[in-house]
Amino acid sequence: MNSIFRFSALLAVFFLFSNWNSFAQKNATIAPQIDSVLSNSSPKFNGTILISKNGKSIYSKAVGFADFDKKAPLKMDSQFEIMSNTRQITAVLIMKEVEQGKIDLQVPIRKYLPNLKQSWADSITTHQLLNHTHGIVDLNKPLAFKPGSQFKYGNEGYPFLGLIIESVSNKTYAEMASALFKKLKMNNTFCYSEGNTQNLVTGYMNENNKIEKAENSLITPEKVPSAGIVSTANDLLIWNNNLHKGKILKPETYQLMLQYNILAQHNVFGKEKIGYGYGLRIVDKESPKYYGHTGLGNGFSSVNLYFPVSDVSMIVLENEMNANSDLFYKTGITIKNLLLKSDLFNQKQ
């Protein structure tokens, strides 16, 4: 009996090792392919890339400079402006207040912002701010459309979400965000301000391969909830591992973030229109399904994607933004397509 037990145990170890070895070998084939993409990218890639499976990194690389003048190299803990990827963080802060009963997503925002002079505060809801169906185009102009009837992506809605967070919590947006980052041990993530840039890398514009430092930050104090978070690839992996695995929000609250009643197109996610939830774009009509967002501006570019079935994250941060809109997110799109053709999503290990 003991010999049979020992044989079974050895057999189990053998199969486990064999499966892991196969997994490692397949992952090893991804690395040179991504390396080739980075080496041959045009315009030249300058940033950090992190691919993970089951919460652990299987590929990470920092390429280029944090500061071109000083020739300071980028590192995996280099801090980037993530621009509109900030919005999923703001959405989570809102949803945490929803869980506490402090926010009703479907009531007019006048309830939380009684001092707003605009009449549309009596019709726009928090839900519509979260999914860009509010219709605000300018504080001093009429709405572009009836709230909830159309999608118009922009920077006008999320600053109000920051104000709502402050109203119901009696704390600043930065205080609420920082407390969450501290809890998650996202130690290199913070809210940008002129007096708080920590080790933020320099952003650059690329026009016909001519590199120039980006001037005049797009991040004003009121726009921080829309585009003002600074983070690293490693910290964003921590974010994904917590957000998408039920460690920040209750399952039912998290599912609200993924529900959508509006469709929108974005080149990183393909040519077809897809769902837009709360600070997340939702690809759920094809396999593998995935969620994520992008960010662009002020010499920075970011892509953060999560594939739930295989527990894969793809994070691409750049401190170089191309002047040619046809080249926005070019390397991120190439790597995403490369991953989709790989065996990464078929592996159970």
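Start at 1 with the first residue, then count along the sequence. Here the structure is a predicted model, which is why all the values come from computation and not from measurement.
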Go through the steps to decide whether Leu280 and Leu258 satisfy the test side chain to side chain contact (heavy atoms under 4.5 Å, CB included), and finish with yes or no. CA-CA 7 Å; Leu280 290 169; Leu258 304 181; 3.9 Å; yes
Which atom names give the shortest non-hydrogen contact between Gln79 and Thr197, and what distance separates them? OE1-O, 4.3 Å
Would one find more than 12 heavy atoms of other residues, nucleotides or ligands at under 6.0 Å from atom CD of Glu194? no
If you count heavy atoms of other groups shown closer than 6.0 angstrom to CD of Glu286, is the number above 12? yes
With rounding to the nearest 0.5 angstrom, report the CD1 to OG distance, Ile103 to Ser169. 8.5 Å
Please walk me through it: do Phe160 and His134 pass ring-ring contact (aromatic ring centres under 6.0 Å, His included)? CA-CA 11 Å; Phe160 288 105; His134 46 76; 8.2 Å; no
With a distance cut-off below 6.0 Å to the six-membered ring centre and an angular limit of 45° from the axis, does Lys71 pair with Phe65 as a cation-pi contact? yes
Smallest heavy-atom separation, Arg110 atom then Lys117 atom, equals NH1-N, 4.4 Å
Measure from the side-chain N and O atoms of Thr334 to the backbone N and O of Lys330, and report whether any donor-acceptor pair falls under 3.5 Å. yes
Show your working on ring-ring contact (aromatic ring centres under 6.0 Å, His included) between Tyr329 and His266 and close with a plain yes or no. CA-CA 11 Å; Tyr329 308 111; His266 191 287; 5.5 Å; yes
How about Val309 and Pro288: do any of their side-chain heavy atoms sit closer than 4.5 Å? no
Passing candidate, side chain to side chain contact (heavy atoms under 4.5 Å, CB included) with Leu243, options Val92, Leu184, Ile238: Val92
Residues passing the salt bridge (Lys or Arg N to Asp or Glu O under 4.0 Å) test with Lys61, sequence neighbours excluded, are Asp35
Would you say Ile89 and Phe181 make side-chain contact, with heavy atoms under 4.5 Å? yes
Under 6.0 Å between ring centres, would you say that holds for Phe68 and Tyr204? yes
What are the two closest non-hydrogen atoms of Asn298 and Leu218, and how far apart are they? N-CD1, 3.5 Å
Under 3.5 Å, side chain of Ser231 to main-chain N/O of Asp235, donor-acceptor pair present? no
If I take atom OG1 from residue Thr86 and atom OH from residue Tyr192, how far apart are they, to the nearest 0.5 angstrom? 12.5 Å
Minimum heavy-atom distance between Lys44 and Ser39, given as atom pair plus value: NZ-O, 3.5 Å
Are any non-hydrogen side-chain atoms of Tyr278 and Ile94 less than 4.5 angstrom apart? no
Does a donor on one side chain and an acceptor on the other come within less than 3.5 Å for Thr232 and Asn188? no
Considering residues, nucleotides and ligands other than Asn208, do more than 12 of their heavy atoms fall under 6.0 Å from its CG? no
Positive for side chain to side chain donor-acceptor pair (under 3.5 Å) with Asp311, one of His244, Lys56, Lys245, Lys53: Lys245
Indicate whether the side chain of His132 and that of Tyr158 have a donor and an acceptor atom separated by less than 3.5 Å. no
Would you say the side-chain atoms of Gln128 and Asn131 include a donor-acceptor pair closer than 3.5 Å? no
Indicate yes or no: at least one non-hydrogen side-chain atom of Leu256 is less than 4.5 angstrom from one of Met95. yes
Is it the case that more than 12 heavy atoms not belonging to Glu272 sit under 6.0 Å from its CD atom? no
Taking atom types as modelled and ignoring hydrogens, do the side chains of Glu99 and Thr253 form a donor-acceptor contact shorter than 3.5 angstrom? yes
Rounded to the nearest 0.5 Å, what separation is found between the NE2 atom of His293 and the CE atom of Met83? 12.0 Å
At what distance, to the nearest 0.5 angstrom, does CD of Glu318 lie from CG of Leu296? 9.0 Å
Between Asn267 and Gln265, does any side-chain donor sit less than 3.5 Å from a side-chain acceptor? yes
What is the distance from atom CZ of Phe300 to atom CD of Glu81, rounded to the nearest 0.5 Å? 4.5 Å
4.5 Å side-chain heavy-atom contact, Leu338 and Ile34: yes
Begin from the C-alpha positions of Ile30 and Leu344 and carry the test side chain to side chain contact (heavy atoms under 4.5 Å, CB included) through to its verdict. CA-CA 9 Å; Ile30 296 174; Leu344 197 60; 3.9 Å; yes
Provide the closest heavy-atom pair for Phe80 versus Asn319 in the form atom of the first, atom of the second, distance. CE2-N, 3.5 Å
Any side-chain to backbone donor/acceptor pair from Ser52 onto Gly55? Under 3.5 Å, distance only. no
Salt bridge (Lys or Arg N to Asp or Glu O under 4.0 Å) partners for Lys102, two or more places apart: Glu97
According to a 4.5 Å side-chain heavy-atom criterion applied to Ile, Leu, Val, Met, Phe, Trp and Tyr, with indirect links allowed, do Val137 and Leu129 form part of one hydrophobic cluster? no
Can you confirm if the aromatic rings of Phe145 and Trp120 lie within a centre distance of less than 6.0 Å? no
Check the pair Leu130 / Leu105 against side chain to side chain contact (heavy atoms under 4.5 Å, CB included), numbers first and verdict last. CA-CA 9 Å; Leu130 284 163; Leu105 296 171; 3.8 Å; yes
Any Ile274 side-chain heavy atom under 4.5 Å of Lys285 side chain: no
Charged N-O contact under 4.0 Å between Lys213 and Asp69: yes
Within 45° of the ring axis of Tyr276 and under 6.0 Å from its six-membered ring centre, is that where the NZ or CZ of Arg87 lies? no
Are Leu50 and Leu339 grouped together when hydrophobic residues (ILVMFWY) are joined by side-chain heavy atoms under 4.5 angstrom apart? no
Are Tyr290 and Asp284 linked by a side-chain donor-acceptor pair shorter than 3.5 Å? no
Do Tyr153 and Ser84 pass the side chain to side chain donor-acceptor pair (under 3.5 Å) test, and can you show the C-alpha distance, the side-chain angles, and the key distance before you say yes or no? CA-CA 11 Å; Tyr153 187 81; Ser84 293; 3.1 Å; yes
Could you check whether any side-chain heavy atom of Tyr112 comes within less than 4.5 Å of a side-chain heavy atom of Asp104, counting everything from C-beta outward? yes
Out of curiosity, does Ile109 fall in the hydrophobic cluster containing Tyr173 (side-chain heavy atoms, cut-off under 4.5 Å, transitive links)? yes
Using 0.5 Å steps for rounding, measure from the NZ atom of Lys141 to the CG atom of Leu143. 12.5 Å
I want to check something: taking the side chain as every heavy atom from C-beta on, are Phe307 and Phe345 in contact at a cut-off of under 4.5 Å? yes
Applying a strict under-4.5 Å side-chain criterion to I, L, V, M, F, W and Y, I'd like to know whether Leu180 and Leu237 cluster together. yes
Check whether Gln259 reaches the backbone of Gly277 with its side chain - one donor and one acceptor, N or O, closer than 3.5 Å. no
Verify same cluster id: Tyr291, Val283 (apolar side-chain graph, 4.5 Å): no
Test of understanding: with side chain to side chain donor-acceptor pair (under 3.5 Å), list the residues that count as partners of Asn324, not counting sequence neighbours. none
What closest approach, in Å, do Asn234 and Asp77 show between heavy atoms, and which atom pair accounts for it? ND2-N, 4.3 Å
